Amino acid sequence: MPLVSPRSPHRPGSPGAYEIVGPRTTLYEPGDDAATSHAYADPGFPAAARRHLAGWGEGWLHMAPLAGPVVAETRADILLISLGLIDLGWYTNSDQTIENVHAFVTAARAANPRVRMVLLPVIPNIRAEAEAPFAAECARFNELLAKAVADLDTAASPLLLATIPESYDIHTDTYDGTHPGPSGEHKLAAAFADALYRSWGIGGPYRPDLRQEPERGPEPEPGQGPELGLVGAAAAG
(Lines give C-alpha, C1' and ligand atoms only; values in the text may rest on other atoms or scores of the structure.)
Protein backbone atom coordinates (compact mmCIF):
# COMPACT_ATOMS: atom_id res chain seq x y z
CA MET A 1 0.00 0.00 0.00
CA PRO A 2 1.69 3.23 -1.11
CA LEU A 3 1.18 6.53 0.66
CA VAL A 4 1.58 9.89 -1.03
CA SER A 5 2.46 13.20 0.54
CA PRO A 6 3.12 16.69 -0.87
CA ARG A 7 6.68 17.84 -0.22
CA SER A 8 7.05 20.77 -2.59
CA PRO A 9 5.78 24.32 -3.02
CA HIS A 10 5.15 23.60 -6.72
CA ARG A 11 1.63 23.43 -8.09
CA PRO A 12 -0.14 20.17 -7.16
CA GLY A 13 0.14 18.41 -10.51
CA SER A 14 3.70 19.25 -11.42
CA PRO A 15 6.63 16.79 -11.29
CA GLY A 16 8.24 16.93 -7.86
CA ALA A 17 5.11 18.14 -6.13
CA TYR A 18 4.52 14.80 -4.43
CA GLU A 19 6.59 11.95 -3.09
CA ILE A 20 5.86 8.38 -2.07
CA VAL A 21 6.15 7.81 1.67
CA GLY A 22 5.91 4.78 3.92
CA PRO A 23 7.89 2.88 6.58
CA ARG A 24 8.86 -0.11 4.39
CA THR A 25 10.98 -0.56 1.28
CA THR A 26 11.60 -4.30 1.05
CA LEU A 27 9.77 -7.05 -0.84
CA TYR A 28 8.80 -10.53 0.29
CA GLU A 29 11.50 -13.15 -0.26
CA PRO A 30 10.06 -16.71 -0.41
CA GLY A 31 13.35 -18.31 0.61
CA ASP A 32 13.44 -16.28 3.82
CA ASP A 33 9.67 -16.24 4.33
CA ALA A 34 10.12 -12.58 5.19
CA ALA A 35 10.31 -9.16 3.58
CA THR A 36 14.07 -9.10 3.04
CA SER A 37 14.43 -8.52 -0.70
CA HIS A 38 15.38 -5.39 -2.61
CA ALA A 39 15.28 -7.22 -5.96
CA TYR A 40 12.75 -5.13 -7.85
CA ALA A 41 11.95 -6.43 -11.32
CA ASP A 42 13.26 -3.16 -12.71
CA PRO A 43 16.61 -2.40 -11.04
CA GLY A 44 16.16 1.20 -12.08
CA PHE A 45 12.89 1.63 -10.16
CA PRO A 46 13.47 4.90 -8.24
CA ALA A 47 14.59 4.37 -4.65
CA ALA A 48 12.31 7.14 -3.41
CA ALA A 49 9.30 5.37 -4.94
CA ARG A 50 10.00 2.07 -3.13
CA ARG A 51 8.49 3.25 0.15
CA HIS A 52 5.22 1.54 1.03
CA LEU A 53 3.12 -0.19 3.68
CA ALA A 54 2.58 -3.46 1.84
CA GLY A 55 3.11 -6.75 3.68
CA TRP A 56 2.96 -10.37 2.56
CA GLY A 57 0.00 -12.02 4.28
CA GLU A 58 -1.30 -8.76 5.72
CA GLY A 59 -4.80 -7.46 5.11
CA TRP A 60 -7.31 -5.01 6.53
CA LEU A 61 -7.11 -6.88 9.84
CA HIS A 62 -3.40 -6.10 10.14
CA MET A 63 -3.36 -2.65 8.57
CA ALA A 64 -6.20 -1.08 10.57
CA PRO A 65 -4.06 -0.76 13.74
CA LEU A 66 -1.16 0.68 11.69
CA ALA A 67 -3.14 3.29 9.77
CA GLY A 68 -3.14 6.01 12.42
CA PRO A 69 0.52 5.79 13.48
CA VAL A 70 1.83 5.50 9.93
CA VAL A 71 -0.24 8.38 8.56
CA ALA A 72 0.88 10.53 11.49
CA GLU A 73 4.54 9.55 11.12
CA THR A 74 4.75 9.95 7.34
CA ARG A 75 2.30 12.87 7.04
CA ALA A 76 0.65 10.97 4.19
CA ASP A 77 -2.16 12.78 2.41
CA ILE A 78 -3.25 10.09 -0.07
CA LEU A 79 -3.49 6.34 0.57
CA LEU A 80 -3.62 3.84 -2.32
CA ILE A 81 -5.09 0.63 -0.93
CA SER A 82 -5.44 -2.88 -2.34
CA LEU A 83 -6.44 -5.23 0.48
CA GLY A 84 -9.06 -7.83 1.37
CA LEU A 85 -8.23 -11.06 -0.43
CA ILE A 86 -5.98 -12.38 2.32
CA ASP A 87 -8.58 -11.38 4.93
CA LEU A 88 -11.33 -13.37 3.24
CA GLY A 89 -9.03 -16.29 2.52
CA TRP A 90 -7.57 -16.71 5.99
CA TYR A 91 -8.84 -14.44 8.72
CA THR A 92 -12.29 -12.85 8.46
CA ASN A 93 -15.54 -13.06 6.54
CA SER A 94 -16.89 -10.18 4.48
CA ASP A 95 -18.82 -8.61 7.37
CA GLN A 96 -15.83 -8.74 9.71
CA THR A 97 -13.51 -7.46 7.00
CA ILE A 98 -15.66 -4.42 6.28
CA GLU A 99 -15.57 -3.60 9.99
CA ASN A 100 -11.79 -3.42 9.68
CA VAL A 101 -12.19 -1.13 6.66
CA HIS A 102 -14.22 1.25 8.80
CA ALA A 103 -11.62 1.02 11.60
CA PHE A 104 -8.84 1.78 9.12
CA VAL A 105 -10.58 4.84 7.70
CA THR A 106 -11.40 6.14 11.18
CA ALA A 107 -7.80 5.75 12.36
CA ALA A 108 -6.32 7.34 9.24
CA ARG A 109 -8.64 10.33 9.57
CA ALA A 110 -7.81 10.73 13.25
CA ALA A 111 -4.18 11.17 12.20
CA ASN A 112 -5.00 13.42 9.23
CA PRO A 113 -8.58 14.71 8.98
CA ARG A 114 -8.01 15.63 5.31
CA VAL A 115 -6.48 12.35 4.17
CA ARG A 116 -7.72 11.01 0.82
CA MET A 117 -7.96 7.33 -0.05
CA VAL A 118 -8.28 5.29 -3.23
CA LEU A 119 -9.48 1.74 -2.59
CA LEU A 120 -9.35 -1.18 -5.01
CA PRO A 121 -11.89 -4.04 -4.76
CA VAL A 122 -10.64 -7.57 -4.12
CA ILE A 123 -8.98 -8.64 -7.36
CA PRO A 124 -9.94 -11.75 -9.37
CA ASN A 125 -8.19 -14.87 -8.12
CA ILE A 126 -7.92 -18.59 -8.79
CA ARG A 127 -9.71 -19.67 -5.61
CA ALA A 128 -12.78 -17.63 -6.53
CA GLU A 129 -12.72 -19.23 -9.96
CA ALA A 130 -12.61 -22.72 -8.44
CA GLU A 131 -14.86 -22.29 -5.37
CA ALA A 132 -18.30 -20.75 -5.78
CA PRO A 133 -18.76 -19.99 -2.04
CA PHE A 134 -15.48 -18.08 -1.94
CA ALA A 135 -16.38 -16.23 -5.12
CA ALA A 136 -19.66 -15.21 -3.48
CA GLU A 137 -17.81 -14.00 -0.39
CA CYS A 138 -15.44 -11.90 -2.52
CA ALA A 139 -18.37 -10.44 -4.45
CA ARG A 140 -20.23 -9.63 -1.23
CA PHE A 141 -17.19 -7.89 0.23
CA ASN A 142 -16.75 -5.84 -2.92
CA GLU A 143 -20.37 -4.75 -2.65
CA LEU A 144 -19.85 -3.82 1.00
CA LEU A 145 -16.67 -1.96 0.09
CA ALA A 146 -18.46 0.09 -2.56
CA LYS A 147 -21.16 0.97 -0.02
CA ALA A 148 -18.56 1.88 2.60
CA VAL A 149 -16.75 4.18 0.17
CA ALA A 150 -20.03 5.91 -0.66
CA ASP A 151 -21.10 6.17 2.98
CA LEU A 152 -17.74 7.30 4.36
CA ASP A 153 -16.85 9.75 1.59
CA THR A 154 -16.71 13.34 2.78
CA ALA A 155 -15.71 16.65 1.26
CA ALA A 156 -12.87 17.03 3.74
CA SER A 157 -11.58 13.46 3.38
CA PRO A 158 -12.76 12.03 0.07
CA LEU A 159 -12.70 8.34 -0.82
CA LEU A 160 -12.54 6.82 -4.30
CA LEU A 161 -13.32 3.29 -5.43
CA ALA A 162 -10.92 2.32 -8.21
CA THR A 163 -12.01 -0.06 -10.98
CA ILE A 164 -10.28 -3.34 -11.78
CA PRO A 165 -9.45 -3.24 -15.51
CA GLU A 166 -11.76 -5.37 -17.63
CA SER A 167 -8.71 -6.85 -19.34
CA TYR A 168 -7.28 -8.21 -16.08
CA ASP A 169 -6.93 -11.98 -16.58
CA ILE A 170 -5.71 -14.26 -13.79
CA HIS A 171 -4.32 -16.70 -16.37
CA THR A 172 -2.04 -14.16 -18.03
CA ASP A 173 -1.71 -11.31 -15.52
CA THR A 174 -0.70 -13.36 -12.46
CA TYR A 175 2.07 -15.88 -11.87
CA ASP A 176 0.00 -18.27 -9.78
CA GLY A 177 -3.63 -17.36 -10.38
CA THR A 178 -3.63 -14.85 -7.53
CA HIS A 179 -0.51 -12.69 -7.29
CA PRO A 180 0.00 -10.19 -10.13
CA GLY A 181 2.87 -10.69 -12.55
CA PRO A 182 4.43 -7.81 -14.50
CA SER A 183 1.42 -7.24 -16.77
CA GLY A 184 -0.97 -7.51 -13.84
CA GLU A 185 1.02 -5.05 -11.78
CA HIS A 186 0.89 -2.54 -14.62
CA LYS A 187 -2.86 -2.97 -14.96
CA LEU A 188 -3.47 -2.47 -11.25
CA ALA A 189 -1.10 0.50 -11.23
CA ALA A 190 -3.12 1.96 -14.08
CA ALA A 191 -6.33 1.49 -12.07
CA PHE A 192 -4.97 3.73 -9.32
CA ALA A 193 -3.41 6.22 -11.74
CA ASP A 194 -6.66 6.55 -13.68
CA ALA A 195 -8.67 7.10 -10.50
CA LEU A 196 -6.28 9.81 -9.29
CA TYR A 197 -6.17 11.57 -12.64
CA ARG A 198 -9.82 11.39 -13.62
CA SER A 199 -11.30 12.24 -10.24
CA TRP A 200 -8.76 14.57 -8.64
CA GLY A 201 -6.61 15.77 -11.54
CA ILE A 202 -3.49 14.28 -9.95
CA GLY A 203 -0.82 12.91 -12.24
CA GLY A 204 -1.69 12.16 -15.83
CA PRO A 205 -2.54 9.37 -18.24
CA TYR A 206 -0.83 6.14 -17.22
CA ARG A 207 2.52 5.47 -18.86
CA PRO A 208 3.96 1.96 -18.33
CA ASP A 209 7.54 3.16 -18.86
CA LEU A 210 8.61 6.30 -17.04
CA ARG A 211 11.77 6.38 -19.15
CA GLN A 212 9.68 6.85 -22.26
CA GLU A 213 9.89 10.38 -23.58
CA PRO A 214 6.48 12.05 -23.15
CA GLU A 215 4.81 13.51 -26.17
CA ARG A 216 5.57 17.19 -26.59
CA GLY A 217 2.57 19.40 -26.23
CA PRO A 218 1.20 22.43 -24.44
CA GLU A 219 1.99 22.98 -20.77
CA PRO A 220 -0.55 20.98 -18.71
CA GLU A 221 -3.18 22.73 -16.70
CA PRO A 222 -2.70 22.81 -12.89
CA GLY A 223 -3.36 19.39 -11.41
CA GLN A 224 -2.42 17.55 -14.61
CA GLY A 225 1.29 16.81 -14.33
CA PRO A 226 2.48 13.60 -16.01
CA GLU A 227 3.96 11.18 -13.54
CA LEU A 228 2.53 10.84 -10.05
CA GLY A 229 -0.16 8.27 -10.78
CA LEU A 230 2.23 5.60 -12.05
CA VAL A 231 4.77 6.00 -9.30
CA GLY A 232 2.11 5.99 -6.61
CA ALA A 233 0.27 2.95 -7.84
CA ALA A 234 3.32 0.91 -8.69
CA ALA A 235 5.10 1.34 -5.39
CA ALA A 236 3.39 -1.64 -3.78
CA GLY A 237 4.41 -4.05 -6.53
Side-chain angles (χ1 to χ4, degrees), residues 1-4 13 18 20 22 27 40-42 45 49-55 58-60 63 76-88 97 101 104-105 108 115-126 128-129 135 138-139 141-150 152-153 158-210 212 223-237:
M1 180 179 69
L3 305 88
V4 184
Y18 294 84
I20 307 303
L27 307 175
Y40 278 67
D42 179 359
F45 196 77
R50 298 187 181 196
R51 306 175 188 132
H52 61 82
L53 186 58
E58 297 181 54
W60 288 107
M63 294 297 177
D77 293 281
I78 302 173
L79 311 182
L80 309 179
I81 309 167
S82 177
L83 295 171
L85 181 56
I86 195 72
D87 297 90
L88 300 176
T97 304
V101 173
F104 181 104
V105 172
V115 69
R116 294 185 278 181
M117 306 177 214
V118 184
L119 299 88
L120 190 71
V122 166
I123 61 176
N125 60 90
I126 194 69
E129 184 178 81
C138 291
F141 173 74
N142 283 344
E143 291 175 357
L144 293 174
L145 183 66
K147 184 177 186 303
V149 167
L152 297 175
D153 179 51
L159 304 184
L160 285 178
L161 186 68
T163 302
I164 298 169
E166 292 183 4
S167 64
Y168 191 85
D169 185 339
I170 64 173
H171 303 289
T172 57
D173 293 323
T174 74
Y175 62 82
D176 61 359
T178 296
H179 299 92
S183 62
E185 289 183 346
H186 276 293
K187 289 180 180 181
L188 297 184
F192 283 106
D194 289 346
L196 288 169
Y197 179 55
R198 293 174 180 172
S199 296
W200 295 335
I202 295 175
Y206 179 75
R207 290 193 291 128
D209 185 354
L210 282 177
Q212 174 185 336
Q224 295 182 359
E227 296 187 19
L228 173 68
L230 171 61
V231 177

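In what follows, every heavy atom counts, from backbone to side chain, and hydrogens, waters and symmetry copies are set aside. Note that this is a predicted model, so its numbers are computed, not measured.
I81 contributes atom CD1, which lies 4.0 Å from atom CZ of F104 (distance to the nearest 0.5 angstrom). Interatomic distance, H179 NE2 to L85 CG, rounded to the nearest 0.5 Å: 7.5 Å. Put simply, CG on N142 and CG on L161 are 8.0 Å apart, with the number rounded to the nearest 0.5 Å. Remark: S183 OG to Y175 OH distance equals 13.0 Å, nearest 0.5 Å. Going from atom OG1 of T163 over to atom CZ of R198 covers 8.5 Å, rounded to the nearest 0.5 Å. Here the CG-CG distance, from L160 to L196, works out to 7.5 Å after rounding to the nearest 0.5 Å.
When side chains are defined from C-beta on, V101 does not count as touching L144, because their heavy atoms never get closer than 4.5 Å. Counting heavy atoms from C-beta outward, D176 and I126 have side chains that stay 4.5 Å or more apart.
Side-chain atoms of D153 do not come within 3.5 Å of backbone N or O of V149 as any donor-acceptor pair. Under a 3.5 Å cut-off, the side chain of N125 and the backbone N or O of I123 do form a donor-acceptor pair. At least one donor-acceptor pair closer than 3.5 Å links the side chain of D87 to the backbone N or O of W60. Between the side chain of R116 and the backbone N or O of P158, no donor-acceptor pair lies under 3.5 Å.
Here the shortest heavy-atom pairing between L88 and C138 reads CD1-CA, 3.8 Å. When every heavy atom of L83 is checked against every heavy atom of M63, the shortest pair comes out as CD1-CG, 3.8 Å. Here the closest non-hydrogen pair linking A195 and V118 is CB-CG1, 3.9 Å. Residues Y197 and G204 approach most closely at CD1-CA, 3.5 Å, considering heavy atoms. L120 and A162 make their closest contact through CD1-CB, 3.7 Å (heavy atoms, listed as atom of the first residue, atom of the second, distance). In plain terms, the two heavy atoms of Y206 and A193 that are nearest each other are CD1-CB, 3.9 Å.
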